[in-house]
There are 2 protein chains.
Amino acid sequence: MLEKYTIGTLSRESGVNLETIRYYEKISLLNKPERSGNGYRHYNESAIKRLRFIRRGRELGFGIAEIKTLLELADHPEHPCKEADQLAQTHLTEVETKIKDLLAMQEVLTKIVACQSHSAEHCRLIETLNQRSCCN
Amino acid sequence: MLEKYTIGTLSRESGVNLETIRYYEKISLLNKPERSGNGYRHYNESAIKRLRFIRRGRELGFGIAEIKTLLELADHPEHPCKEADQLAQTHLTEVETKIKDLLAMQEVLTKIVACQSHSAEHCRLIETLNQRSCCN
DNA sequence: CTTGACCCTGTAGTAACTACAGGCTTTATG
DNA sequence: CATAAAGCCTGTAGTTACTACAGGGTCAAG
């Protein structure tokens with residue numbers, strides 16, 4: 001009753017790719033599971049929760065190392081939250097930096113796309129990359 | 001007079017890391033330069049232009065493969081611009097997708113950071129990852 | 001003449017997977 | 001009952017775009 005999921009089932013339940021689960025085990029993000037006589041991995045409910053935790057962390061853009069720390073903290077509810085707060089703050093700043101960079105790219109690309117050109121000689125994208133003046 | 005830059009000078013002039021220049025050569029993004037007797041690479045003005053073109057492309061977020069295509073197009077001004085327009089459009093869409101994803105992350109992270117917690121048990125980030133209800 | 005700056009090749013490491021190759025086991029179907 | 005499909009196993013290599021050495025040669029200045 002306790003170890004009722006095979007890796008395929010766990011993959012479906014958690015939304016994490018099967019090969020990714022084995023990868024997480026290899027890098028010690030997940031504990032090694034029990035094995036049945038045939039060598040198959042078997043998991044329980046807590047593995048699902050853990051994997052979902054990891055998946056949500058990845059969806060928020062945290063790296064594996066950060067998630068490892070967060071799993072540690074989640075396992076010790078008495079610990080201060082300071083470290084997690086710090087991770088969130090730092091990560092938020094990184095995300096905002098990336099947004100800023102992408103918005104700058106978007107602005108240039110939008111201008112380029114807005115103007116149809118005919119030949120490579122007067123192609124806006126290529127002109128931009130050559131840093132010659134653009135069609136405005 | 002023609003081949004007057006060493007790789008270090010080229011690096012400074014183009015704003016591209018020296019090791020990256022050698023890497024670009026290895027993956028055939030840059031042509032192999034002349035070598036002087038001692039085996040040193042020597043470059044001319046056109047190499048600077050080409051590297052700057054590449055750098056600007058990278059700054060706009062294009063991948064190496066796309067830049068390779070764009071360099072081809074830039075070398076053939078009589079070619080239609082259609083392919084470049086297409087690349088720009090596709091890339092713009094990718095950039096906008098990334099922005100959307102990052103904005104979603106930012107929104108969640110901002111909420112998490114806004115609320116100071118004390119212990120991991122009531123830590124907003126960890127609660128979010130556990131998908132228990134948050135402090136609002 | 002030696003020290004520091006510059007150049008060379010080639011390999012390995014980074015992040016987080018993904019994709020096989022090659023080979024078992026288990027389950028479903030005829 | 002045989003066989004085929006689905007599922008599992010290990011281990012390695014590939015992806016992107018660099019970056020960081022290790023180990024070694026060359027060149028200019030004091």
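Below, read A as the first sequence line, B as the second, and so on, with proteins coming before strands; counting in each chain starts at 1.
Here the C1' atom of nucleotide C/dA15 and the CZ atom of A/Phe62 are 16 Å apart, to the nearest Å. Look at CG on B/Asn17: it is 19 Å from P on C/dT14, rounded to the nearest Å. As a whole-Å value, the separation of A/Ile64 CD1 from C/dC17 C1' is 9 Å. One interatomic measurement links the two molecules: CG of B/Leu18 to C1' of C/dT9, which rounds to 13 Å at whole-angstrom precision. In this structure, OH of A/Tyr24 is placed 8 Å from C1' of C/dC17, rounded to the nearest angstrom. For the pair A/Arg55 CZ and C/dC17 C1', the computed distance is 16 Å after rounding to whole Å. For the pair B/Glu19 CD and C/dA12 P, the interatomic distance rounds to 16 Å; values are reported in whole Å. For B/Tyr40 and C/dT9, the OH to P distance is 11 Å, given to the nearest whole Å.
Across all strands, A/Arg41 comes closer than 4.0 Å only to sugar-phosphate atoms, never to a base (heavy-atom distances). Among the atoms of the strands shown, only primed sugar atoms or phosphate atoms (P, OP1, OP2) are found under 4.0 Å from some heavy atom of B/Arg58. A/Ile27 comes within 4.0 angstrom of nothing in the nucleic acid, heavy atoms only.
One finds a salt bridge joining A/Glu59 and A/Arg55 here, because a Lys/Arg side-chain nitrogen approaches an Asp/Glu carboxylate oxygen to under 4.0 Å. The residues A/Arg50 and A/Asp75 are annotated as salt-bridged, a charged nitrogen and a carboxylate oxygen being separated by less than 4.0 angstrom.
Remark on DNA chain C: of its neighbouring residues A/Glu66 and B/His42, the 5'-side contact belongs to B/His42, judged by nearest-heavy-atom nucleotide. Two residues, B/Gly37 and A/Arg12, neighbour DNA chain D, and the one matched to the more 5' nucleotide by heavy-atom proximity is A/Arg12.
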Where do B/Tyr5 and B/Glu45 land on the side-chain hydrogen bond (donor to acceptor under 3.5 Å, both in side chains) test, with the steps shown first? CA-CA 8 Å; B/Tyr5 304 110; B/Glu45 291 289 348; 2.7 Å; yes
Could you give me the CA-CA distance, side-chain angles and deciding distance for B/Glu34 and B/Arg41, then say whether side-chain contact (heavy atoms from CB on, under 4.5 Å) is met? CA-CA 6 Å; B/Glu34 303 290 318; B/Arg41 290 169 178 82; over 6 Å; no
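The outermost nucleotides of DNA chain D lying under 4.0 Å from heavy atoms of chain B, listed 5' to 3', are D/dA17 to D/dC27.
With contacts defined as side-chain heavy-atom distances shorter than 4.5 Å, the pair A/Ile7/A/Tyr43 qualifies. Inter-residue side-chain proximity for A/Val108 and A/Ile112 is flagged as met; some heavy-atom pair is nearer than 4.5 Å.
Judged by distance alone, with hydrogens and angles left aside, the side-chain atoms of A/Thr110 form a donor-acceptor pair with the main-chain N or O of A/Gln106 at under 3.5 Å. Checking side-chain atoms of B/Arg52 against main-chain N and O of B/Glu13 turns up a donor-acceptor pair under 3.5 Å. Using a distance-only test at 3.5 Å, with no hydrogens or angles considered, a donor-acceptor pair links the side chain of A/His91 to the main chain of A/Leu60.
For C/dC6, neither phosphate oxygen OP1 nor OP2 lies less than 4.0 angstrom from any side-chain nitrogen or oxygen of B/Arg22. Of the side-chain N and O atoms in A/Thr20, none sit less than 4.0 angstrom from OP1 or OP2 of C/dC17.
Fit an axis to the five pairs at each end of the helix from C/dC1-D/dG30 to C/dG30-D/dC1 and the two axes sit 10° apart, to the nearest 10 degrees.
Counting only N and O atoms by type, the side chains of A/Thr9 and A/Thr6 include a donor and acceptor under 3.5 Å apart.
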